[in-house]
Amino acid sequence: TTPEERESFGVLLEECGLIDTFRARHPEASGVFSYWSVRMRSRPVNRGLRLDYALATAEMDTHDAAAGKDAAWRVHDSFILDDLNEKGDHAAVGCTLVHPFPFP
């Protein structure tokens, strides 16, 4: 991806009030990707891109002090399952949510 693409994605998230749950929960993570080119044999040397995202609304970010306190569901963690399918070009991504009990 180009710097312009990365910047425009950040702007899109901000304009839509969304967060990248993986980056929010793991801000220091590096070398973690969700895509590797099979043709270029990029996976064995871990040369990849993050093309797959689990997005959530900013209100669901429990680490955001400015987020609304009324959001019922919160992002607990986010993950990239990069070792689940080592022959494919994309890794599964996801996030876990928590809800304070009791349910409304």
Side-chain angles (χ1 to χ4, degrees):
T1 58
T2 66
E4 293 82 9
E5 289 170 322
R6 286 189 294 277
E7 181 181 341
S8 67
F9 185 64
V11 169
L12 175 68
L13 292 179
E14 187 174 329
E15 287 177 354
C16 294
L18 299 173
I19 60 163
D20 168 2
T21 60
F22 185 81
R23 187 60 55 212
R25 290 294 168 271
H26 308 282
E28 303 300 321
S30 65
V32 182
F33 307 110
S34 66
Y35 168 82
W36 303 264
S37 171
V38 173
R39 182 177 38 155
M40 299 298 292
R41 298 185 181 129
S42 297
R43 191 179 272 250
V45 294
N46 199 35
R47 187 177 314 121
L49 301 167
R50 278 198 59 229
L51 296 182
D52 307 280
Y53 299 88
L55 304 178
T57 62
E59 291 81 18
M60 294 176 72
D61 184 7
T62 58
H63 292 214
D64 183 357
K69 306 246 186 283
D70 297 329
W73 289 95
R74 301 291 186 142
V75 174
H76 174 69
D77 196 12
S78 187
F79 49 85
I80 299 174
L81 300 175
D82 55 352
D83 58 349
L84 189 62
N85 176 13
E86 295 183 6
K87 297 196 188 289
D89 58 352
H90 284 266
V93 301
C95 69
T96 54
L97 304 175
V98 293
H99 187 283
F101 289 97
F103 283 105

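Only a predicted model underlies this, so the values are computations on that prediction, with no experimental measurement involved.
If you take CG on L12 and CD on E5, they are separated by 13.0 Å, rounding to the nearest 0.5 Å. If you take CE on M60 and CG on L18, they are separated by 10.5 Å, rounding to the nearest 0.5 Å. Between L97 atom CG and D77 atom CG the span is 10.5 Å, to the nearest 0.5 Å. Rounding to the nearest 0.5 Å gives a distance of 11.0 Å between OG of S34 and CG of L81.
With sequence neighbours excluded, no residue satisfies side-chain hydrogen bond (donor to acceptor under 3.5 Å, both in side chains) with E15.
When each of Y35, F79, F9 is tested with Y53 by the rule ring pair (Phe, Tyr, Trp, His ring centres under 6.0 Å), just one qualifies, namely F9.
Side-chain contact, H90 with N85: no donor N or O sits under 3.5 Å from an acceptor N or O.
Taking both residues in full, the closest heavy atoms of A56 and V75 are given as CB-CG2, 3.7 Å, listed atom of the first, atom of the second, then distance. Between R74 and D61 the shortest heavy-atom distance is NH1-O, 4.0 Å. Across C95 and T21, no two heavy atoms sit closer than the pair CB-OG1, 3.8 Å.
Sorted by first and then second residue, the pairs that involve residues 40-51 and meet side-chain hydrogen bond (donor to acceptor under 3.5 Å, both in side chains), not counting sequence neighbours, are D20-R50, W36-N46.
Of the possible donor and acceptor atoms, none in the side chain of S37 sits under 3.5 Å from a partner among the backbone N and O of G48.
Here the side chains of E7 and T2 are not in contact, with every heavy-atom distance at 4.5 Å or above.
Grouped with V32 in one hydrophobic cluster are F22, I80, V93, the linkage being side-chain heavy-atom contacts under 4.5 Å among Ile, Leu, Val, Met, Phe, Trp and Tyr residues.
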